[in-house]
J.: 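So that we are looking at the same thing, I have put the structure below in structure tokens.
Please read these numbers as outputs of a predicted model, since none were measured by experiment. Side chains are part of it too, since the values below use all heavy atoms of this structure and drop only hydrogens, waters and symmetry mates. Reminder, nothing fancy here: chain letters follow the sequence lines and each chain counts from 1.
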Amino acid sequence: MLEIKNLRVAVGGKEILKGINLSVNAGEVHAVMGPNGSGKSTLAQVLAGHPTFQVIEGEVTYEGRNLLEMMPEDRAKEGVFMAFQYPVEIPGVSNAYFLRSAYNEIRKHRGEEELDAMEFLKLLRQRAKLMNIDESLLNRPVNEGFSGGEKKKNEVFQMAVLEPKLAILDETDSGLDIDALKVVAEGVNQLRRPERATVLITHYQRILNYITPDYVHVLVDGKIVRSGGKELALELEEKGYDWVREKEAVPAGA
Amino acid sequence: MAITDENIKLHNPTPEPGVEELVSREYKYGFYTDIEQDKAPKGLNEDIIRLISAKKEEPEFMLEWRLKAFSHWLKMAKEEGQPKWANIHYPEINYQDIIYYAAPKKKPKLDSLDQVDPELLKTFEKLGIPLEEQKMLTGVAVDAVFDSVSVATTFKAKLAELGIIFCSFSEAVQNHPELVKKYLGTVVPPNDNFFAALNSAVFTDGSFCYVPKGVRCPMELSTYFRINAADTGQFERTLIVADEGAYVSYMEGCTAPMRDTNQLHAAVVELIALEGATVKYSTIQNWYAGDKEGKGGIFNFVTKRGKCLGKNSKISWTQVETGAAITWKYPGVILEGENSIGEFYSVAVTNNYQQADTGTKMIHFGKNTKSTIVSKGISAGHGNNTYRGLVKMQPRAKGARNYTQCDSLLIGDKCSANTFPYIEVQNSSSSAEHEASTSRISEDQIFYCKQRGLNTENAISMVVNGFCKEVFRELPMEFAVEATKLLSVSLDGSVG
Ligand SMILES: Nc1ncnc2c1ncn2[C@@H]1O[C@H](COP(=O)(O)OP(=O)(O)OP(=O)(O)O)[C@@H](O)[C@H]1O
Ligand SMILES: [Mg+2]
């Protein structure tokens, strides 16, 4: 589904990603871990098409198409979803209205009929219940005045509504209480289908107790220095990143 | 591979065009109706004023009123000239080079649409304002003004059943001279300012509305102003009186053809609310704004003011100003009656080379009077947007309160926004509160929307509409949808 080859990315004239190789198949969940500033969010943003991040070398193919050539909105319409590490506030625009516009853009793109306000509200309520989202959040302006945890939950809620093919979650588990964490994990697990894939960026092994990843990758200083199964996360938690840094000489591979 | 421009070009999606490269979407209302016109010669003098008054078959008192206003204007023109204090730049206008009266030749009898030139009906239909009652939005009565005259007023009969008078100003002068005499110029006196004096001398048409005691007007009243003829100025005059306990909601829309010369629109609107009455006045102003180099467009120099004469009365202004090359207007409220309320909700958009200096005046005289001001200025391109407001608490306005909120939204980095809030409090028991903010549409907001599947245009309109929400929710339903659409058109191509 997603094939990243030798991806190098710069921001503000500084190289951040220094040759990433990663291959994600439909049905898989990949966890990406790594120290602060190693380039995890950069990877997520580049896949989503943020204009600040500039690709200087490499290829990214998504469902056989050159992803890097596509506009961010087209990527979204083709099923790429990113849950932001720092969700953005849009004052005055209700969450429900925002989501309906997005939802209908995606439906239009697929040649499906748009949903009217009533039909959409039904869908929204049903998903909100599923995600344990308070209905009052639906009518509040997008992320404005939301608590840190509410923002994160709102990202996963949006994902549950938009049903992407490729979901990239950037530290969605940070700042969540235990209950919220379980809900978020459930949300991700519900989307776990043979035709969908998830890239889960996280600092903590904790969420992996609820979402069992097929692969774990360790990103250090712009490179994937190690990949493995779910046990790699446990090992990391025990030994810290210095352990992988020391082993950096060893070629990475699952 | 290094971080070079070529490498970046090779590996990233083609960036969208920047502000300068984008062409604004075409102005939808820029067409011209070729119709036989009865025009006065260019120029401004007593004879022209007599001619206008004669064309309108006005009673003597009206002509005298006009001539007196004209002498005020002559004096102002000689002593000071055009007002210069506003934060706008425009050439000295040659008032002798303007046509002050232009009307379609076939003069319709105003009570039947059958006699209205079909060309005119077609024009308004094209503007989205069908004048046949069966085709109209039920619940909205329209007075259609084409250049200097009103061509049709709908639902008149139905409103008359309730004693509501809704007609063109010219008709009111003939049929209800006592009401006109009693109220005309009582809120905006002819010597109020340069453009008000000019309007008082040469005004041609506009709407008149009187809602009798205790009557709640059951439909939205509206006037649609259309400038068509070249080289003409439009000088409309509107007077709305709500008698004790009455309620009326009034909306005004405006468009003009695209021309590369500037045209002057100098209107005066007066609102009067007696005890317990409410007048709600909404404007969607979409005059031609000039091209993207700033050539052409309407000069929109307008004096709008309301007077809360009676206790517990309320006047509320809501405006969405997206058009015109220059906008100069300060719809205000004189709060005379105890406990009366004045409100001003405004969205003003300036794109390309548009200039707007707009705001409000809330003058508190009565005890416990209250005013609320919410101003949203949006600048894009080289637009220059100024909020100018005056809140004045007179010595006897004990316990008066004002709340003012001015927010500016900048799109791109060549535009500007200014805020000039003047507050004068002359008694210690009243208070004025002011909040202001300036923000920019951030790249991250746009990206967030795009990541969810919205294109740039929709993303901007999403953010902008959110910004304007407090004002839009004050608009009558029929207008709110249009305002939302209009905003995305006027801002089209403003973000790279
Ligand atoms: N817009 C930017 N301008 C300049 N530097 C940036 C920008 N965005 C990211 N960087 C730098 O790129 C590096 C990688 O940042 P990134 O956000 O990808 O790290 P991360 O792995 O997600 O870290 P964290 O775990 O703290 O979220 C950091 O050194 C950061 O300062
Ligand atoms: Mg990060």
J.: May I ask you to check whether A:Y86 and B:Y448 place their ring centres under 6.0 Å from each other?
T.: no
J.: Need one label for A:V46: side chain, backbone, both or neither, based on atoms under 4.5 Å from any heavy atom in chain B.
T.: neither
J.: For A:F84, is there any backbone N or O sitting under 3.5 Å from a side-chain donor or acceptor partner on B:Q451?
T.: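 Judged by distance alone, no pair lies under 3.5 Å.
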J.: Between B:K450 and A:E105, does at least one N-O distance fall below 4.0 Å, as a salt bridge requires?
T.: no
J.: Are more than 12 heavy atoms from other residues, nucleotides or ligands located less than 6.0 Å from atom CZ of A:R65?
T.: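 12 or below, so no.
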J.: List the steps and the verdict of side-chain contact (heavy atoms from CB on, under 4.5 Å) for A:T52 and B:F447.
T.: CA-CA 10 Å; A:T52 304; B:F447 179 65; over 6 Å; no
J.: Pick one of side chain, backbone, both or neither for A:N6, based on which atoms fall under 4.5 Å of a heavy atom in chain B.
T.: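 Nothing of A:N6, per the 4.5 Å heavy-atom cut-off to chain B.
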J.: When heavy-atom pairs shorter than 4.5 Å are enumerated against chain A, which of B:D444, B:V463, B:N458 gives the highest number?
T.: B:D444
J.: Does any backbone or side-chain atom of A:I90 lie under 4.5 Å from a heavy atom of chain B? Answer side chain, backbone, both or neither.
T.: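 For A:I90, the contact with chain B is made by backbone and side chain together.
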J.: Side chain, backbone, both or neither: which part of A:E89 has a non-hydrogen atom closer than 4.5 Å to chain B?
T.: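 Backbone only.
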J.: Relative to chain B, which of A:V80, A:L162, A:V142, A:N104 shows the most heavy atom pairs under 4.5 Å?
T.: A:V80
J.: Below 4.5 Å from any heavy atom of chain A, which atoms of B:E470 appear? Answer side chain, backbone, both or neither.
T.: neither
